[in-house]
Each structure stands twice: as structure tokens, then as C-alpha cells.
Amino acid sequence: MNDHISILNNFFMNYLDNLIENNIASDINKKNISLDYISKNKKGHISSNFLLIIKKKIIIDNFDIESDIKTKIKSIEFVDYISVDKGFINIFIKKKYLLNQLIDILNNEKNYPNIKIGNNKNINIEFVSANPTGPIHVAHIRGAVFGDVLTNILKKTGFNITKEYYVNDAGSQIEILGNSLFKRYCQLFNVDIEIDDNEYPGEYLIDIARKLAEKDKDKWIDNNSKERKNYFENYSIKILIECIKDDLKLIGIEFDQFSYESHIVEKNLIEKLFKILEKNNLIYEGVLEKPKSDDSDDWEPRKQLLFKSSKLFDNQDRAFQKSDKSWTYFANDSAYHYDKFLRNYDKLINIWGSDHIGYISRMKSLVYSLSNNENYFNVLTCQIVRLIKNNQIVKMSKREGNFVTLRDLYNSVGKDALRYFMVSTKNETAMDFDLDKVIEKNKDNPVFYCQYAFARASSVINKAKDLNIIYSHEKDKKYLSINYISEKEWDIILKLLAYQYLLLQCSINHEPHRITNYLEDLASLFHTFWNMGNAEKSLRFIDEENINITKTKILWLQCFKVVFKNAFEIIGIEAPENM
RNA sequence: GUGCCCGUAGCUCAGUAGGAUAGAGCACCAGAUUCCUAAUCUGGGGGCCGUGAGUUCGAAUCUCGCCGGGCACGCCA
């Protein structure tokens, strides 16, 4: 990035380094220096608290930091003028320079925004990973969209991403699944058999059973062999994973890799992992304390293989082995993370539902014992989504298996609304998803509001194209002038130019929701300006009698479209040319 | 009892490396369309940022206590 924001940022950092090197100031935490580039109070295009921070750190007498830094900032080529108010440095940028930045965006549209903080580092993002015991439903969707959009952000900022889905196909619930399917299958042949309480009651298993019955007829009915058991388990997983893939595809999510728990088990990674843990004294035979939960009356102390996670980030040690010597879920999951570790990523990111928050510290401990790097493994959590219909919470129960599925939601609200809303609220905040509101076509609905702004902009540009008064080449530059641009438009332009910084923040902090907030602000500025054209003709985009003014306006409008299109791509929604 | 997350306008939410007078949308009230898409816009009222202390030039933001809500706390995956 080579724009006014990053140049000024570098300026402050270098200036500070110089002060310290020359023993003019003592060291400060650079993180405290802020650069406000969408200054709301309009005291400057860019504002900084630099003076406030540095003032007390000046260690030599008679050094007039304020006039010194003012002089140096003024000498930056694109700085128009500066003022200091209440300790804040307010900098105004030459408008000519801002205009040229817009031109740069159009000249390099394909590479915009050009952010390379990732340095092609390889990151593995594991998300969704819903158990293959039923279709994807509402509890998985937020994590799915969050992971997908985060991936897009990281890719746009220079990281290489592998999207991964972990399939738990080895646990006892898979046995239950296979058994549930078998019962449904038998029912098709009028065998008198009921689904038990702890089995899967969902109708989808009847459909799968039907497919199986069509293929195999009644050949398994009286078969209780191991072969039949495996067959039903594998068949149900295979079909359900296909179903999950199809469902995710509905909202534009595709994974690079599916990893299967059963393969991890086959590879014997647990043994290898334990050797490493042994070396580090992190594994031992021991007895856990009685758990603190209410319903732990039947608990009794037993000796088992434990992970010394309390030595790292956890508040207690965790079991690798059940008393019957079989591995716990945590043991297999540890092996899976070891597998990811062996694949040489620079970083692992996991996205989990809030119900797994308590699991983070043990897995963090495990991965840390391999990587010795606290930043290597990162778990992001999504809080629950409540569905609202007719102003009431939609009730769902695990027992009844009546979760609203992804496919249902897709059918009722569509891909764009689903993706936009799932990612527009901070992932750690619980949110309500109002099924009625998200399909409204008015400003209640921010998806629509933003897309409408895009469509309006497109319609103007298309019209300008027809009239041949569009900025299309460097040679058009001579027609443009800063004098044609009103103050309201500069607000929009400054905001547009801040887009890459917004993306940078989203990338660094893993916060997709900031994009939608930004878009809504920008769309609002745009709609306001549009309506000003209703009252004041000179503010309309297209004025055939003033071609140069029109070209100048269309220039920033083209950039507006570039930014919106880019952001829409990241969120994964349509950019409609007309509505 | 312990850990993590959350508490901002009547409602849904922004405000994120501590920064200037805390912002949007909805709802409510009053207005704008011979005109590039009114599916839009303009104006108005509405706040002890859960609460009490602390840190400092400065706190919605950081620390601690309390109150309220959510999630998780066997060898379930």
C-alpha cells in the first residue's frame, strides 16, 4: 500500500524512532499512537494523537516538539495544511492527491486492494465440522459463513488458506446413526421396530433408507453381522456428507479438504503424539478430581491416562483414555490436530460454536505442546443464533430433531440475506435472526440497502457510458478537476480510500462484521448524495451540458462500484447491476 | 462453586491497539418525487454506555468488586 494513510503511518513511526535514537524522547508503546483516517468530526482528513502521547516522554529541555513535527509533516508532498487542536494533529490532504488515488484504483482495478500482509503464509481454517449424523442446520450456519468470509478476507490480504472440514466418523454416535438407519430400513419392509430415544429420529434417515432399499432390496433384513453394521454406518456417512456438501454449496461454501477421524485413527497418530508428550512430561497415569457439575452423583475415581493440560492453559488435566482403555474424543481430536501440525501450516485457525468454549483451553494446551508458539493455534467462537418468526423465538429441540435446516433457511430467505446477516454481527455476540425482516425489500434490510446503492450507481454509470462521458483512460485525466467535487463528495471519497485499511483491520483482528458496517455507512452517504441531486440539479451525477464535471463525478462513482463489488465478493453476495 | 462470552436509545446492533460533542437502522412525529431507480432522502425527540471503585491529561473501551443474561464444566462427541 502506498497511499496517504500508510505513508503518514510510516512517517510517525520513523519520526518516533528518530526521537528515541537521538535521545530526545524515551521509548513509548507504538500501539498507543492512533491514526484516525475517517475522522467524524471533520477537523482533519487524518487525525493523530501523536503529540498527546509523546509530550510527556520528551527528555530534553527546550525541545519544541509541536513546531518540529508540524514542519516535517508540512514537507510531505501531499499534505495541504495541518492544525493542532487540543493536542490532536489534524492533517488535510491535497485534494489533487486524493483525486489521483481514485485514478490509481481504476488503473489497477484488477489488483485492488493491494494488501500483502499475509506474505503468502499458509493458514488452515477448520470450520463447520458438523457431525455427519444429519443435515446442516441453523446452529452450524453462522460458523460456516463466518469461516468462509474470514477466508475471503485473509486471501484478499495475502494469505494462502486451506479450508478444512473434520468429519467425526469414528465415535459411538456413528454406531447409533448406523443403527437408526437400519431401523428405518427395516420399517420399509414392515418390520415392527421403533426408533429409541437416544437414536436419530429425523426424517432424512427415511429417505436414505429408501435409497438403500432400492439398491439392495431386503438383503440386510435379518443380518446382524459386523459387515452389515459397517455397511450401514459407512453408507449413512457417505450420503450425509454428500448432503452436507450440497447444502453448503447452496450458500456458496466449498471446502478444500475433508479430513476423516477414521483415517486419523488408522494412521496411528496417537502413538506418535504420545511419544512427544512423554518426552515433555505431559502425559501420565492418574485420577481426576470429582467434577463440579450437579449431576455427577454416580462419579467414582478411576485411574486413567491423562494429559497434563493444567501445566499449560487449562485449569485441570484431561483424559486421553476411558476406563475401558478406548480413546476419548479428545485423544482422537488431539491426533487430528497433530496431523494438521505435521502438514506444516504457519497457523491453524478453528471456528467453534460457543458450546465448545470450555474445550478451547485443553486443545490450546495440546497444540502448544507441539508448536511452542502461543500464536500458532487460534480458536474463534460463534455465539448462538436465535431464529425469530412473527416476533417469536422459533423453538427447536435436539430430542425431536426439528432443527431448522440450512436448506429450509436458504429456501425462505436466499443466499444473500443469509450470508450477509450471519456475518454482520460480531461473532462473539449472540444474535437474533428475524426471518421476516431479512426478506423485506426496504431499508430495514441492510443487504437490500447496500445492493440497491450498487444498482443505482451501476445504472448511472451505464447511462454515462452510453453518453460516452465516462473516465476510461489516463488521457481522460485532463478533463478532471478537484473544483468539480463538493464537500459531501469528498466525504464519500475519503471513506472509499479508507477501504483497504478497513480490510486490513478485518484481516488482523479476524473481524468480518466490520465490512458490513462500513458498507452501510458508505451506502447511506451515497443515497444521501443521490437525493441531493433531486433538490439541486448541479449535484446530479450526469449533466450533459457539463461533461467534465460529469466525468469527475463518474470517476469516484466508478471507484465506489469497485469497492462495493470487492466487498460483496468477500461477503459472498451478488452485486446486481439493476434491481 | 469454577472458567469463558455478553450487558450501549423502547427494539436490533456499531463503536477493537484508550482520544475530541457516544453513532446507525427500526419504531414514533413532521416533511421531500414534473428530475440519473422515492425499494430513497431530510428534520425532530429519545442515553447514569448494567453498577461501584481504580488506573490517567482522557475510559463505553483497561483493572478489580458486585448485579443481570448466555455457554461450558466426567471416561459425550
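Please read these numbers as outputs of a predicted model, since none were measured by experiment. Hydrogens, waters and symmetry mates are skipped; everything else that's a heavy atom, side chains included, is used. Convention: sequence-line order gives letters A, B, ...; per-chain numbering from 1.
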Quick one: which of [options] gets closest to the side chain of [X]?
| X | options | value |
| --- | --- | --- |
| A/Gln316 | B/A77, B/C73, B/C36 | B/C73 |
| A/Lys463 | B/U21, B/C75, B/C36 | B/C36 |
| A/Asn578 | B/A20, B/A14, B/U37 | B/U37 |
| A/Phe541 | B/U12, B/C36, B/A77 | B/C36 |

May I have the distance from [X] (atom [atom1]) to [N] (atom [atom2]), rounded to whole angstrom?
| X | N | atom1 | atom2 | value |
| --- | --- | --- | --- | --- |
| A/Asn531 | B/A32 | CG | P | 14 Å |
| A/Asn427 | B/A14 | CG | P | 10 Å |
| A/Lys465 | B/C36 | NZ | C1' | 15 Å |
| A/Gln383 | B/G70 | CD | C1' | 7 Å |
| A/Arg456 | B/C41 | CZ | P | 8 Å |
| A/Arg142 | B/C13 | CZ | P | 9 Å |
| A/Trp530 | B/A39 | CH2 | P | 11 Å |
| A/Ile508 | B/A17 | CD1 | C1' | 10 Å |

Item checked: Pair A/Trp327 and A/Phe320, ring centroids less than 6.0 Å apart -> no
Notebook entry, point to check: Looking at A/Phe146 versus A/Phe127, is the centre-to-centre ring distance below 6.0 Å?
Noted result: no
What's [X] touching, base or sugar-phosphate or nothing? Going by heavy atoms closer than 4.0 Å.
| X | result |
| --- | --- |
| A/Ile53 | base |
| A/Gln304 | base |
| A/Ala455 | base |
| A/Leu52 | base |
| A/Asn131 | sugar-phosphate |
| A/Ser172 | sugar-phosphate |
| A/Met579 | base |
| A/Asn517 | sugar-phosphate |
| A/Asp314 | nothing |
| A/Asp324 | nothing |
| A/Ser34 | nothing |
| A/Lys537 | nothing |

Next item on the list: Without swapping roles, check the side chain of A/His510 against the backbone of A/Cys506 for a donor-acceptor pair under 3.5 Å.
Entry: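 Such a contact is absent between A/His510 side chain and A/Cys506 backbone.
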Item checked: Closest approach of A/Leu240 to A/Pro135 (non-hydrogen atoms, all atoms of both residues) -> CD2-N, 4.4 Å
Next item on the list: Could you pull out the closest heavy-atom pair between A/Arg419 and A/Val149, with the gap in Å?
Entry: NH2-CG2, 3.7 Å
Can you tell whether the side chains of [X] and [Y] come within less than 4.0 Å, N to carboxylate O?
| X | Y | result |
| --- | --- | --- |
| A/Glu577 | A/Lys561 | yes |
| A/Lys308 | A/Asp317 | no |
| A/Glu164 | A/Lys340 | no |
| A/Asp314 | A/Arg318 | yes |

Does [X] get its side chain close enough to the base of [N], under 3.5 Å, for a donor-acceptor pair?
| X | N | answer |
| --- | --- | --- |
| A/Ser47 | B/A20 | yes |
| A/His527 | B/U37 | no |
| A/Ser323 | B/C75 | yes |
| A/Asp355 | B/A77 | no |

Counting only side-chain N and O atoms of [X], is one of them less than 4.0 Å from OP1 or OP2 of [N]?
| X | N | value |
| --- | --- | --- |
| A/Trp327 | B/C75 | no |
| A/Tyr449 | B/C41 | yes |
| A/His513 | B/G15 | yes |
| A/Arg514 | B/G15 | no |
| A/Thr528 | B/U42 | yes |
| A/Asn32 | B/G18 | yes |

Would you measure the distance from the [atom1] atom in [N] across to the matching atom in [M] and give it in whole Å?
| N | M | atom1 | answer |
| --- | --- | --- | --- |
| B/U63 | B/G25 | P | 32 Å |
| B/U16 | B/C75 | C1' | 40 Å |
| B/C28 | B/C73 | P | 44 Å |
| B/U61 | B/A53 | P | 14 Å |
| B/U21 | B/C49 | C1' | 15 Å |
| B/U37 | B/A32 | P | 23 Å |
| B/G74 | B/G3 | P | 16 Å |

With a 3.5 angstrom cut-off on both distances, give the Watson-Crick or G-U wobble partner of [N], or none if there isn't one.
| N | answer |
| --- | --- |
| B/U55 | none |
| B/A32 | B/U40 |
| B/A9 | none |
| B/C66 | B/G50 |
| B/A22 | none |
| B/C71 | B/G3 |
| B/U61 | none |

Next item on the list: Check the chi torsion on B/G18 and let me know: syn if it falls within 90° of 0, anti if not.
Entry: anti
Next item on the list: Give a yes/no verdict on base stacking between B/A20 and A/Phe88: centres under 5.5 Å, planes within less than 30° of parallel.
Entry: yes
Item checked: Aro-ring/base stack A/Phe448-B/A39, d under 5.5 Å, angle under 30° ->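 It does: the ring sits over the base of B/A39.
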Next item on the list: Using heavy atoms to find the nearest nucleotide of RNA chain B for A/Ser354 and A/Asn315 separately, return the residue whose nucleotide is more 5′.
Entry: A/Asn315
Next item on the list: With RNA chain B as reference, determine whether A/Lys322 or A/Glu511 sits nearer its 5' end, using the nearest nucleotide of each.
Entry: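 The residue closer to the strand's 5' end, by nearest nucleotide, is A/Glu511.
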Item checked: Residue of the set A/Phe307, A/Phe377, A/Phe313 for which ring pair (Phe, Tyr, Trp, His ring centres under 6.0 Å) holds with A/Tyr368 -> A/Phe313
